[in-house]
Amino acid sequence: MGAHIPSTGKAQVRALLGLLNTAAEEAIAEYDKKGLDVPFIDNGYAHPMDGRLPSLNFKHAIRTLEGACGQICATLAQPSHTMVNYSMSAFVPASINAAIKAGIAERLSKHPNGLHVNDLAKETSIHPQKLGTLMRLLVTNHCFREVSSNVFANNRLSLTMLPNNANKVCDILELKSGEMHRKATMWLYEALTDPDFGPTYNATRSPLMYALGKEGYSGTLYEYLNTQPGVVESFANAMAGYRSATGHLNLLNVFPWGTLPPNTSVCDLGSGNGNISIEISKHFPQLKITLQDLPETIREAQKFWQTEYSEAVNEGRVTFTPLDFFKESPVPGQDIYYLSQIFHNWGDEHSLALLRNIRRVMIPGSRMLIDDYLAVHLDPASIEKQHASMSRAPRPLSPGFGHGQIRTYTQDFCMLIMCNARERSLEDFVELCAAADLKFVRVWDLAETCLTEFIAV
Ligand SMILES: C[S@@+](CC[C@H](N)C(=O)[O-])C[C@H]1O[C@@H](n2cnc3c(N)ncnc32)[C@H](O)[C@@H]1O
């Protein structure tokens, strides 16, 4: 920060073009490092990099690239042009969802050279012209390709819709583009301004619950999920898919797991199926891991580990202990309490209750790792003041990286509509944890989410 900011609009756009150019070259260099060419957008097969963990350098480059592209377009185009585009962007997830439900990518995978829309229509019972409409919307977003008039084929992006895709993203695509999220946005304004729902962060008063209330349902998101057949498993898979999209497993390289002594105990609290701790366990077998979540999820986690990594189960390197983390404390005396994407599901009251339950069983030397987005305020002064280990956007890029960091804010919005909760800033966490006698130690920036360490006071 503090760098020279060009004083004319034209100079700013040219400076952004410079950033864009450098960032694109940095991303290309990451392909070079692996001895790989950059893929063609319309390749009908996955590129070796598509299924790999993106390095932090790669993530940094893509963040600046996306930020600069979005800012250049929003600067040069007329505002009406950009805003009308935004207002219609919800059609894209609707098309993704329909394409997944109709199994388009799976059907096309049997036809590498493409399949005519009439044949796709017969297989899916969707009118051919209507199917063409949604396919072309996706093609303009670089998902699928139209190889000749009305003949469609897969490309690298559409391959992510395959249920067996290496990145396991199909479940998260379905979840984010699906009925539950659409319902949650349908009555957003009404829920925000409703005298019962609007003023509170109570978990039963989310916009989703406002919509479900019209169908006679009340409760929290997780109570709701646990009533839906098959959803607990697909939700856990969706979490794994989200991780692969965010390059979350960089935490394996950033946090010093390897220096922890044998039998260091790690409690993965609110573990889901343990899709993160399974990787921690594979890379650092000296750790003893306990997974804790609601009973139904822990049952799924046991099946998942038995299939994916039975050695750890058989060697007693992982144990599974169900709990309701609001009603009871986690296993006592652990060296590390690790919580990934937990606090953003809950308002301050629930989060504080959970923190106190953890604090109660911490011993001297225990630490708590919060793995969540840190949503900073986006004004230049707030960004200037943020913790020194967090990255700053090169000017004249918008202080928060604009589109390059959009997932922090789409997730913030998602937590609002689904859980009546939010992503927090570092200052929010420090304040909340202080109320539970926990002291901030440091933060590791994973170029999207952050790992934040606290110890008992
Ligand atoms: C967003 S998911 C995160 C899962 C996992 N940590 C990850 O990052 O993939 C939140 C998890 O919190 C669990 N959870 C929700 N309420 C809970 C409760 N009262 N007690 C224990 N776990 C709970 C859910 O079952 C779910 O697995």
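Atoms within each ligand, like the ligands themselves, are counted from 1 in listed order.
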Inset, instruction - Using a strict cut-off of 4.0 Å, indicate which atoms of ligand 1 neighbour a heavy atom of F326. - result: 19 (N)
Legend entry - Exam field: side chain N154 to backbone F144, donor-acceptor pair closer than 3.5 Å: no
Inset, instruction - Hey, can you tell me if H403 and Y86 have their rings parallel, tilted or perpendicular (30° and 60° cut-offs)? - result: tilted
Inset, instruction - Can you sort out which atoms of ligand 1 are near R243, meaning under 4.0 Å from one of its heavy atoms? - result: 7 (C), 8 (O), 9 (O)
Legend entry - Pairing residues for Y45 by the ring pair (Phe, Tyr, Trp, His ring centres under 6.0 Å) criterion, not counting sequence neighbours: none
Inset, instruction - Enumerate the atoms of ligand 1 whose separation from the nearest heavy atom of N275 is less than 4.0 angstrom. - result: 9 (O)
Legend entry - Sub-4.0 Å heavy-atom approach of F343 to ligand 1: no
Inset, instruction - Apply side-chain contact (heavy atoms from CB on, under 4.5 Å) to the pair K183 and H181, showing each step before the final yes or no. - result: CA-CA 5 Å; K183 275 187 183 161; H181 281 69; over 6 Å; no
Inset, instruction - Determine, using heavy atoms of E296 and all atoms of ligand 1, whether some pair is separated by less than 4.0 Å. - result: no
Inset, instruction - For ligand 1, indicate whether the residue N345 contacts it via side chain, backbone, both or neither (heavy-atom separation under 4.0 Å). - result: side chain
Legend entry - Distance filter under 4.0 Å to D324 heavy atoms, resulting ligand 1 atoms: 18 (C), 19 (N), 20 (N)
Legend entry - A236, portion touching ligand 1 at heavy-atom distance under 4.0 Å: neither
Inset, instruction - Look only at the side chain of S310 and the backbone of T307, and say whether a donor-acceptor pair between them is shorter than 3.5 Å. - result: no
Inset, instruction - May I ask you to decide if D348's main-chain N or O and S351's side chain share a donor-acceptor pair within less than 3.5 Å? - result: no
Legend entry - Any donor-acceptor pair under 3.5 Å from Q405 side chain to G400 backbone: no
Inset, instruction - Give the intermediate values and the outcome of side-chain hydrogen bond (donor to acceptor under 3.5 Å, both in side chains) for residues N85 and T82. - result: CA-CA 5 Å; N85 280 352; T82 308; 6.0 Å; no
Legend entry - Atoms of ligand 1 close to L323 [distance to a heavy atom under 4.0 angstrom, numbered from 1]: 20 (N), 21 (C)
Legend entry - Polar atom proximity, H344 to ligand 1 (N or O, under 3.5 Å): no
Inset, instruction - Number the atoms of ligand 1 from 1 as they appear, then name those within less than 4.0 Å of a heavy atom of W346, with their elements. - result: 16 (N)
Inset, instruction - Could you tell me whether K327 approaches ligand 1 through its side chain, its backbone, both or neither, with non-hydrogen atoms closer than 4.0 Å? - result: neither
Legend entry - Test of proximity, M239 against ligand 1: N or O pairs below 3.5 Å: no
Inset, instruction - State the atoms of ligand 1, each with its element, that fall below the 4.0 Å cut-off from a heavy-atom position in T297. - result: 25 (O)
Inset, instruction - Specify the protein heavy atom at minimum distance from atom 25 (O) of ligand 1: its residue, its atom name, and the distance to 0.1 Å. - result: D293 OD1, 2.6 Å
Legend entry - Cation over ring face, K282 and Y309, 6.0 Å, 45°: yes
Legend entry - Main-chain N/O of T319 paired to T290 side chain as donor or acceptor, under 3.5 Å: no
Legend entry - Residue selection (non-hydrogen contact nearest atom 12 (O) of ligand 1) among L291, L354, N273, I342: I342
Inset, instruction - Have a look at ligand 1 and work out which part of L339, if any, has a heavy atom under 4.0 Å from it: side chain, backbone, both or neither. - result: neither
Inset, instruction - Using a strict 4.0 Å threshold on nitrogen-to-oxygen distance, state whether E179 and R182 make a salt bridge. - result: no
Inset, instruction - Could you list all the side-chain hydrogen bond (donor to acceptor under 3.5 Å, both in side chains) pairs where at least one residue sits in residues 366-376, not counting sequence neighbours? - result: Y242-Y373, H248-D371, Y338-D371, R367-E453, Y373-E448
Inset, instruction - Apply the test side-chain hydrogen bond (donor to acceptor under 3.5 Å, both in side chains) to residues T204 and N202: give CA-CA distance (whole Å), side-chain angles for both, the deciding distance (0.1 Å), then the verdict. - result: CA-CA 6 Å; T204 64; N202 182 307; 2.7 Å; yes
Legend entry - Proximal ligand 1 atoms for S340, defined as those under 4.0 Å from one of its heavy atoms: 3 (C), 5 (C), 6 (N), 7 (C), 8 (O)
Legend entry - Of the listed options Y222, Y242, Y338, F325, closest to atom 17 (C) of ligand 1 (non-hydrogen atoms): F325
Legend entry - Proximity of D268 to ligand 1 by residue part, where a heavy atom lies under 4.0 Å: neither
Inset, instruction - Measure I276 to ligand 1 on non-hydrogen atoms and call it side chain, backbone, both or neither using the 4.0 Å cut-off. - result: side chain
Legend entry - Winner among G270, A203, P322 once heavy atoms are compared against atom 5 (C) of ligand 1: G270
